[in-house]
Amino acid sequence: MTSGASNQPPPLVDYNLVESDAPLKESLEREGAAWAQDMVSDLGRLAGTQEAIDWGFQANANPPRLRTHDRFGERIDEVEFHPAWHELMNVAVGHGLHALPWREPRPGAHAARAAAFYLWSQVEGGHGCPISMTYAAVPALRKAPAVAAEWEPLMTTLDYDPGLRPAQSKRGALFGMAMTERQGGSDVRANTTRAEPTGADGEHILTGHKWFCSAPMCDAFLVLAQAPRGLSCFLLPRVLPDGTRNAFHIERLKDKLGNRSNASSEVAFAGAWAVMVGEEGDGVRTIIEMVNHTRLDCVIGSASLMRQAVAQATHHTAHRRAFGKLLSEQPLMVNVLADLALESEATTILMMRLAGAFDRANDAAETNFRRIGVAIAKFWTCKRAIAVVAEALECHGGNGYVEESILPRLYREAPLNSIWEGSGNVNALDVLRAMQREPESLASYFGEVESVSEPRLTRAVEEIKKEIANSAEIEFHARRLVSRMAVALEASLMLRYGDAVAAELFCASRLADGGGQMFGVLSKPSLPKLNPLKSVIERHRPRFLQEG
């Protein structure tokens, strides 16, 4: 029997996630969202409390349960969640993470919302799915002004009101999305779900299935189905105005690798009522507005995972001793930690830069940059998050591999963003599509990366241009090209907005080979010595509240 903990780091609790995150604070100011500092700081403080951390663990330890029928044999198609899930949702909705830019359409609103979503996702990523989809559904719904006028007021309240009831009797509503089917996946034009018009304006009856429908307890969903004139977008409510349940049947919940606190389901539409959103046959173009916003959230979610992993690793190594001294004092660990911190900082700055582009939608150059920038960032950052979390886990040794730490949960969560809203291949090809169909988006990208003069970056951009010009096999090499474009974009942002030492390290270690090397290889002759690397780590290490 042992008593007392020897050489064990104190739990990372009672710290403000904002005050420990210099890149986020700087980005919030730079992207015009300083007005939200109090709200963001309040959320950062709450996210660091033992209570909030416990909610994340409890929601994952008690995954949702499906009840298809009541005790009388009637279909109810309900999913039950642990109370901790509802606490997470209540905080998210109460802070406007689902609707801030639509509630407060002012400069910096998307950036403020991105910062808040990034912070609260560090507590638990799974609950973010209905929050993200509700945020993203609003611009798509506005393609049908009458429908938006009915639903948007409910989607933008700060009231979390769970349970299936008619929308008009609720204080707030959440939205989901159902696009993919088992025979097509990302190829939504292969969908077979049918939409038959009823004769009333825009109303249809849907029959078919959806292979992935996340958060099925949302109040309504945007759905793709084949109407007489082609694939179209529809709003499908869970409960009809007369109080009866729509014919939305939950077949089963997915048993997933991660994201276990969230319910993802297979659903069948057995003559479900829905109303068209946008033009008939124009479903992809209509729902793409929702996809663009949720892809931004994939970048935010990846940045959030990286940040929490780096916080855990820098905290652990600052308190754990091995071979006679702290891990954080050992040269090779310093190399690894600094490299992880670089990746987290670059991703945080990129995330906030993209959110700022959503805020500046009236600027044509910003809209063009957003078009290609989101696809580039979605491809790259979602993949880098997996590597960052794995390396951060390794910094803990066996302590990081057990469920009592948060690292296994982060590791299981990390691949999700690479898959949601299009796998790596889908997003890499979307970058090529943007270049070909909307060349002004590529021009805006180069305007961004060439806005700072640095010899290594200049050479990297010239190589990217040569690769694009040699277009014979561009699709075959799309991943390599998009990776290089992402690293050049991050380098440009780091040079302009990052810590000076961090920017130098980033450029020296990543521009030469596209940034695909392992972490912990910063020790090159041209790089600063050990102490500057430690300064990068200290910029990212969380501090307890009593430390200031």
| request: Would you check if the side chain of Ser344 reaches a backbone N or O of Leu340 as a donor-acceptor pair within less than 3.5 Å? | output: no
| Could you go step by step and tell me if Glu279 and Arg285 meet the salt bridge (charged side-chain N to carboxylate O under 4.0 Å, His left out) rule? | CA-CA 9 Å; Glu279 296 296 324; Arg285 188 182 299 274; over 6 Å; no
| request: Return the minimal non-hydrogen interatomic distance between Met352 and Ala114, and the atom names on each side. | output: SD-CB, 4.2 Å
| query | Does the side chain of Ser27 come under 3.5 Å of the side chain of Arg30 through a donor N or O and an acceptor N or O? | reply | yes
| note | On a heavy-atom basis, the closest approach of Met306 and Ala385 is CE-N, 3.4 Å
| task | Quick one: closest heavy-atom pair of Asp282 and Ser232, and the distance? | result | N-OG, 4.5 Å
| Can you list every pair that meets ring-ring contact (aromatic ring centres under 6.0 Å, His included) and has a residue in residues 344-372, with sequence neighbours left out? | His110-Phe358, His293-Phe358
| request: Using atom types as modelled and distance alone, determine if a side-chain donor or acceptor of Lys256 lies under 3.5 Å from a backbone N or O of Asn259. | output: yes
| said: Could you check whether any side-chain N or O of Glu438 sits under 3.5 Å from a backbone N or O of Glu440, counting only pairs where one atom can act as donor and the other as acceptor? | reply: no
| Do Leu410 and Leu407 come close enough that some side-chain heavy atom pair is under 4.5 Å? | yes
| message | Please tell me whether His540 and Glu345 have a donor and an acceptor in their side chains that are separated by less than 3.5 angstrom. | response | yes
| Which atom pair, heavy atoms only, marks the closest approach of Asn417 to Gly301? | ND2-C, 3.6 Å
| query | Which class fits the ring pair His127 and Trp120: parallel under 30°, tilted 30 to 60°, perpendicular over 60°? | reply | perpendicular
| query | Does some side-chain heavy atom of Cys395 sit less than 4.5 Å from a side-chain heavy atom of Leu337? | reply | yes
| query | Judged by atom type as modelled, is there a donor-acceptor pair below 3.5 Å linking the side chain of Lys210 to the main-chain atoms of Leu224? | reply | yes
| For Gly520 against Asn335, the heavy-atom pair lying closest together | C-OD1, 3.0 Å
| Heavy atoms, side chains only, cut-off 4.5 Å: are Ser444 and Ile372 in contact? | no
| task | Determine, for Phe379 and Lys383, whether the Lys NZ or Arg CZ falls below 6.0 Å from the six-membered ring centre while staying within 45 degrees of the axis. | result | yes
| request: Using side chain to side chain contact (heavy atoms under 4.5 Å, CB included) as the criterion, list what pairs up with Arg142, not counting sequence neighbours. | output: Trp102, Val138, Ala148, Glu152
| query | Among Phe269, Phe248, Phe175, which residue meets the ring pair (Phe, Tyr, Trp, His ring centres under 6.0 Å) test with Phe221? | reply | Phe248
| task | Please check if the side chain of Thr134 supplies one atom and the backbone of Pro130 the other of a donor-acceptor pair under 3.5 Å. | result | yes
| Is it true that Glu104 and Arg113 have a side-chain N and a carboxylate O under 4.0 angstrom from each other? | no
| remark: Sorted by chain and residue number, the side-chain hydrogen bond (donor to acceptor under 3.5 Å, both in side chains) partners of Ser451 (sequence neighbours excluded) come out as Arg496
| Can you name the residues that form a side chain to side chain contact (heavy atoms under 4.5 Å, CB included) with Glu450, not counting sequence neighbours? | Phe446, Val461, Lys465
| Residue pair Glu124 / Asn60, side-chain donor-acceptor N/O under 3.5 Å | yes
| request: Begin from the C-alpha positions of Leu481 and Ile464 and carry the test side chain to side chain contact (heavy atoms under 4.5 Å, CB included) through to its verdict. | output: CA-CA 7 Å; Leu481 171 62; Ile464 290 169; 4.0 Å; yes
| Should Val267 and Trp211 count as side-chain neighbours, where that means a heavy-atom distance under 4.5 Å? | no
| Do the charged groups of Asp363 and Arg370 touch, with an N to O distance under 4.0 Å? | no
| request: Please test His204 against Glu196 for side chain to side chain contact (heavy atoms under 4.5 Å, CB included), starting from the C-alpha separation and ending with a verdict. | output: CA-CA 5 Å; His204 288 69; Glu196 301 291 339; 5.8 Å; no
| said: Tell me if a side-chain donor or acceptor on Gln122 pairs with a main-chain N or O of Arg307 at a distance below 3.5 Å. | reply: no
| query | Hey, do the aromatic rings of Phe212 and Trp420 have their centres closer than 6.0 Å? | reply | no
| task | Go through the side-chain N and O atoms of Asp21 and Tyr118 and say whether any donor and acceptor fall under 3.5 Å apart. | result | yes
| request: Apply side chain to side chain contact (heavy atoms under 4.5 Å, CB included) to Ala460 and list each qualifying residue two or more places apart in sequence or on a separate chain. | output: Leu511
| said: Between Ser423 and Ile419 (side chain of the first, backbone of the second, donor and acceptor by atom type, cut-off under 3.5 Å), is there such a pair? | reply: no
| Ser121 side chain vs Phe117 backbone, donor-acceptor pair below 3.5 Å | yes
| message | I'd like to check the salt bridge (charged side-chain N to carboxylate O under 4.0 Å, His left out) partners of Arg238; sequence neighbours left out, ordered by chain and number. | response | none
| said: If the test is side-chain contact (heavy atoms from CB on, under 4.5 Å), which one of Val284, Thr286, Thr193, Ile287 qualifies with Leu231? | reply: Val284
| query | Residues in salt bridge (charged side-chain N to carboxylate O under 4.0 Å, His left out) with Glu289, at least two apart? | reply | none
| task | Would you indicate whether the side-chain heavy atoms of Leu24 and Leu119 approach each other to under 4.5 Å? | result | yes
| query | Sub-3.5 Å donor-acceptor pair from the side chain of Gln226 to the main-chain atoms of Asn191, do we have one? | reply | yes
| request: For Glu266, check salt bridge (charged side-chain N to carboxylate O under 4.0 Å, His left out) against everything at least two apart and list the hits. | output: Arg252, Lys254
| query | Are any side-chain N or O atoms of Asn262 and backbone N or O atoms of Ser214, one a donor and one an acceptor, separated by less than 3.5 Å? | reply | no
| request: Tell me, please, which residues at least two apart from Arg433 pass side-chain hydrogen bond (donor to acceptor under 3.5 Å, both in side chains). | output: Asp430
| Shortest non-hydrogen contact between Leu28 and Ala111, atoms and distance | CD1-O, 4.2 Å
| Close side-chain approach of Arg539 and Pro23, heavy atoms under 4.5 Å | yes
| field | No-hydrogen, no-angle side-chain donor-acceptor test under 3.5 Å, Asn425 and Arg479 | value | yes
| Does Glu475 CD have over 12 foreign heavy atoms under 6.0 Å away? | no
| request: Evaluate the side-chain proximity of Glu413 to Leu416: yes if any heavy-atom separation is below 4.5 Å, no if none is. | output: yes
| Arg353/Glu366 salt bridge by N-O under 4.0 Å criterion | yes
| query | Taking atom types as modelled, is there a side-chain donor on Ser132 or Asp297 under 3.5 Å from an acceptor on the other? | reply | yes
| query | What pairs with Thr294 under side-chain hydrogen bond (donor to acceptor under 3.5 Å, both in side chains), at least two apart in sequence or on another chain? | reply | Glu421
| Note, Phe506 side chain near Glu490 side chain (heavy atom, < 4.5 Å) | yes
| task | Any pair with a residue in residues 335-356 that passes ring-ring contact (aromatic ring centres under 6.0 Å, His included), sequence neighbours left out, goes on the list, sorted by first then second residue, please. | result | none
| Who pairs with Arg437 by salt bridge (charged side-chain N to carboxylate O under 4.0 Å, His left out), at least two apart in sequence or on another chain? | none
